[in-house]
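Submitted below is the structure of interest, expressed as structure tokens.
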Amino acid sequence: MIAKLLKLQPSTSLSTDAAKKAPLAIDGLSVSYHHKPVVWDLSFVAPEKGLVAVVGPNGAGKSTFIKAALGLIPKLSGEITVYGKPVDKQRKLIGYVPQRGSVDWDFPASALDVVTMGLYGEIGWLKPVRKGHKEQALSYLEKVGMADFADRQIGQLSGGQQQRVFLARALAQDASLYFMDEPFVGVDAATERAIINVLKKLKDQGKTVICVHHDLQSAPDYFDHALILNVRPVASGPMHEAFTSENLQRAYGGRLAPSELSGLMSLAGQ
Amino acid sequence: MDLPLADFLQIDFPALLVASLAGLCCGLPGNFLVLRRQSLIGDAMSHVVLPGIVVGYLLSGTLDTLPMLLGALGAALISALLIEVIRRLGNVEPGAAMGVVFTSMFALGVLILEQTGASGVHLDVEHALYGNLESTLWFGLTDWSDILSADGLAQMPGSISRLGGVTLVVLLVIILFFKELKISTFDPAMATSLGFNARYISIGLIVMTATSAVAAFDAVGSILVIAMFICPAATARMWTDKLSSQIILSSVFALMSGCLGYLIAAFGPFLLGENYALNAAGMIAVVACLLQAFSMVFAPNHGTMGRFLKQRKALQEPAEI
Amino acid sequence: MLQELFDILTFQSGYNTNVVLLGAGLLGTAGGVVGVFSLLRKRALISDAISHATLPGITLGFLVALALTGTGKSLPFLMVGSTLSGILGVLLVQWIKDNTRLPEDSAIGTVLSSFFGLGVVLMSYIQTLKSGSQAGLESYLLGSTASMLQSEAEMIAISALAITMLAVLFMKEFGLVCFDPDYAASRGWAVSKIDLLMMALLLAVVVIGLKTVGLILIIALVIIPPVAARFWTDRLGVMVAISAFTGGMSCYLGAALSALTPDLPSGATIVLTATALFTLSLLFAPKRGVIATALRQFSFRLKITRRRALLSLNKGQPTLSFLASFLLKREGVLNSDHTLTEKGQKTVATMSRDQALWNQYLSDYPEEAFAQNRWSLAMITDILPRDLINELEMSIDSPKKEIG
């Protein structure tokens, strides 16, 4: 309710046809953490076949936004639909790559075990993992160039390799809408290339990827849409429209030096 | 109910004193344990000292305080070392490493106790769990003035002088090293960079915890030791954000639960017309936790009720965002 | 004594002892299996809160049974009581953690001491009762298989079997939630329900284990076996199996030992048996055990020393450490006067070529080389495919001049 009363900018209405079918449509989302608002009145419609970069300064609520959109944390207000239906009804269509730091890598599991987890939904409650599933999982490890490491305990992989395992796990479930939380953090250049290849392939297959991204320099190269956040949404839309120096200045305030901004703008092709 | 002064002075007064001192001597270091998220070290310590006390008794052959104290301290330090070894080598979380060590040590204590026939003399497992607060007697007291007389002091129970001494030392250490303890609790890395080795302070705190646990263990049993390490400090944390006031408040809560708990256990049933007493150590733990429960709900800033009201108020006024 | 122990262990000491031993073994198995998941979910110590929280329930169950049936020692009442107060304890820990500023460890400590304190007070009340039938309640503190009825042992055995089977059935779901609960929730798994089931199984192990191990030490049953199992393997399924075996053996052997010495609480013998098995794992497990780790570290040192010594020999007159010259002499690379043997010259040349290839690999494929965790530790020809080595050789022999 408060969110509605305090609405400072017109939000995208979920009643339009486009929003009804959109991979992800969010209307007036607010989330608080320990009684402090972290995401405030965010409305956003993700495009079909889009690679969306979610950017913003530290503490801007990027991860919170993703978690709330996935329904992992409770929201204060707002409506979220995935392809026109509530998130909970569309779980099969959603893939998620969490932050690498969110799990205990000392867990007794091999790379293959982790990727197989992506197939658990398909396998279903109580049914055991069969050989066919393992082979399937292996083929996804191959897609990210990790087949040789299938049997290695996950803690013995490098950061980039761990990220690729997570990516393979998300691919294994064949979703239509992917959420990724900082997949490029702490990875080597080869992994970065591997991830970009996967992103491109996903886009070619008509899928949508929503990806928290911390590196402003590479954002215009890797993605075609942007959602700029700083607790409140600052701008969203196609990269060249949203990713302007004005919008970035509004999101980051004085935290970006002018030279950095102009450098970014030339990257964005302006 | 008719209570002669001499009975009170000989039976209840020493018990009250022991309960208060045990509360203080565990409650004070407890402040730092709670803040460092190491509360359960107190739990572990109160279990691991058992084999030490038993071995100390067996080696010295007497029920003197010193050998048992040394044995207990040794057991505590060995356990701290073992926990660290298992944590490092096995890559296990500290809680699990602690669980392995303190159950093993306690089981070892029980085994030695039962196998060597040490049980029945003075030590037994129930005593280790809930102490013998009620049997702390101060003979020879007939009037308040006797307490300070030479005769009265000479008859002072060992547990009182021991607990009093340890409490005094703990208090002194906390006052002297307040700054160091504060900064190393808040930011160990910064403390080290400022020249206070956070590791040594950490070890020091564990030694202090062990000493307190040992001193209180014999008088009040492990259960009360755990309660006093955690509850007073946790209760105080509900009322204040300042470390120094937290320590003072926690001492007040420790004393309150010690005295109230004992009085309820000793006299509650009599007031209801029954002729028995309840276990005092258990009752003190219950009172300490009731105080904490009350504070968790009703404390103005950090209680759930206070926070709830505040939040409602904030929601009614349009926020400036 | 030994003969007697042998008889007990081989189930030749009468039906009652057999059932008690079997029940204990199955209880240990259940604890080992369930414990793996509570360890991996980082909830090892919550079982301490649960177990201590059962005491007021036991005593209240006793009082209610006394009032209703005239005798307090009624197993169903005690079990219902301990289950209810155990549940209350878990809920309180959760409430304190979620609604106050206190962290989980303080919450556990608070619940543990308050419930146990209350239980002790109630026990002291029961001791004042005329009926005098409080004897037996103490056995719930440290366990006593000696006073166990046959029906109790059978009940323990059946429940433990059911708990084990349930946990194994849900292994896939439990593993998923333990590893990455957020991901599981994003895929639509009912994480809170799976968590609840894990907690329920943990509670069930604690409740049925009270009589055998006692509430002070029962936490050992769900912590020591899984921690021991972790030393042996990196696989969840194997870890569950080893932990189940360790737990089962501890309880079976421990209960047998306590049958020999009825004075000794069975909780103590069981835990100490588990500790012994744990110590064996800590020392001798080939994966993470202390000795294996030390040996691996030593052989790593040897390998590095040898390689560096050979490389420095290639460069000219080196000063070799005692260890290095000893190694090389024994290998037949060095003569006693520190000159190279014929074989030595070959070895040195091979090694320096190998290092050059590794270095080239590092500069041509930095990320891959970084990810390759045997870089410079083994011969490159054993690690990398032939075509890649050919490529590396070419770039060493004809360095490209395109670096700008």
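As a basis for the values below, the full set of heavy atoms in this structure was taken, side chains included, without hydrogen atoms, waters or symmetry mates. Because the structure is predicted, anything quoted here is derived from the model rather than measured. Naming convention: chains lettered A, B, ... in sequence-line order (proteins, then strands); numbering from 1 in each chain.
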Review point. If you count heavy-atom pairs under 4.5 Å with chain B, which of Ile216(C), Leu118(C), Ile108(C) comes out on top?
Key: Ile216(C)
Check your understanding: Does the Thr246(C) side chain pair with the main chain of Pro225(C), one donor and one acceptor, at a distance under 3.5 Å?
Key -> no
Practice item. Indicate the atoms forming the closest heavy-atom contact of Leu249(B) with Ala236(B), along with that distance. Key: CB-CB, 3.8 Å
Exercise for review: Under 4.5 Å, counting heavy-atom pairs only, tell me which of Ile223(C), Thr293(C), Leu282(C) racks up the most with chain B.
Suggested key: Ile223(C)
Exercise for review: Before accepting this row, confirm whether a basic side-chain N of the pair Asp241(B)/Arg237(B) lies closer than 4.0 Å to the acidic partner's carboxylate O.
Suggested key: no
Practice item. Measure from the side-chain N and O atoms of Ser106(C) to the backbone N and O of Leu102(C), and report whether any donor-acceptor pair falls under 3.5 Å. Key: no
Review point. Picking from Val111(C), Val222(C), Thr100(C), which has the most non-hydrogen pairs under 4.5 angstrom with chain B?
Key: Thr100(C)
Check your understanding: Do the side chain of Ser85(C) and the main chain of Pro56(C) share a donor and acceptor less than 3.5 angstrom apart?
Key -> no
Check your understanding: Just checking, any donor-acceptor pair under 3.5 angstrom between side chains of Ser258(C) and Ser266(C)?
Key -> no
Review point. Just checking heavy atoms, which of residues 22-32 of chain B are less than 4.5 Å from chain C?
Key: none
Practice item. Measure distances from Glu274(B) to the heavy atoms of chain C and classify the residue's part below 4.5 Å as side chain, backbone, both or neither. Key: neither
Review point. Are the side chain of Ser124(C) and the backbone of Leu278(B) linked by a donor-acceptor contact shorter than 3.5 Å?
Key: no
Exercise for review: Measure from NZ or CZ of Lys287(C) to the centre of the six-membered ring of Phe231(C), then state whether that distance is under 6.0 Å and the direction lies within 45° of the axis.
Suggested key: no
Review point. Is it the backbone or the side chain of Ala234(B) that comes under 4.5 Å from a heavy atom of chain C, or both, or neither?
Key: both
Review point. Is the count of non-hydrogen atoms from other residues, nucleotides or ligands lying under 6.0 Å from Arg37(B) atom CZ greater than 12?
Key: no
Review point. What part of Tyr125(C) lies closer than 4.5 angstrom to a heavy atom of chain B: side chain, backbone, both or neither?
Key: both
Practice item. Against chain C, label Leu40(B) side chain, backbone, both or neither, depending on which of its atoms sit under 4.5 Å from a heavy atom there. Key: both
Exercise for review: Say whether Tyr262(B) and Asp12(B), considering side chains only, have a donor N or O and an acceptor N or O under 3.5 Å apart.
Suggested key: yes
Review point. Could you name the residues of residues 96-103 of chain B that have a heavy atom within less than 4.5 Å of a heavy atom in chain C?
Key: Ala96(B), Met98(B), Gly99(B), Val100(B), Phe102(B), Thr103(B)
Point to revise | Check: Tyr140(C) main-chain N/O paired with Ser144(C) side-chain donor or acceptor under 3.5 Å | key: no
Check your understanding: Salt bridge check: are Arg36(B) and Asp105(C) linked by an N-O gap of less than 4.0 Å?
Key -> no
Check your understanding: With chain B, which of Val290(C), Leu142(C), Val121(C) has the greatest number of heavy-atom pairs at distances under 4.5 Å?
Key -> Val121(C)
Check your understanding: Given the options Ile223(B), Ile226(B), Leu33(B), Leu111(B), which has more heavy-atom pairs under 4.5 Å with chain C than any of the others?
Key -> Ile223(B)
Exercise for review: Answer with side chain, backbone, both or neither: which region of Val92(B) has an atom nearer than 4.5 Å to a non-hydrogen atom of chain C?
Suggested key: side chain
Review point. Among Ile270(C), Ile218(C), Leu92(C), Ile224(C), who wins on heavy-atom pairs under 4.5 Å with chain B?
Key: Ile224(C)
**Study point:** Euclidean distance, Leu141(C) CG relative to His52(C) NE2, rounded to 0.5 Å
**Key:** 9.0 Å
Point to revise | More than 12 heavy atoms from other groups under 6.0 Å of CZ on Phe186(B) | key: no
Exercise for review: Side chain from CB out, backbone as N, CA, C, O: work out which of these in Leu45(C) comes under 4.5 Å of a heavy atom of chain B, or both, or neither.
Suggested key: side chain
Exercise for review: For the pair Ser243(C) (side chain) and Gly32(C) (backbone), establish whether a donor and an acceptor sit closer than 3.5 Å, ignoring hydrogens and angles.
Suggested key: yes
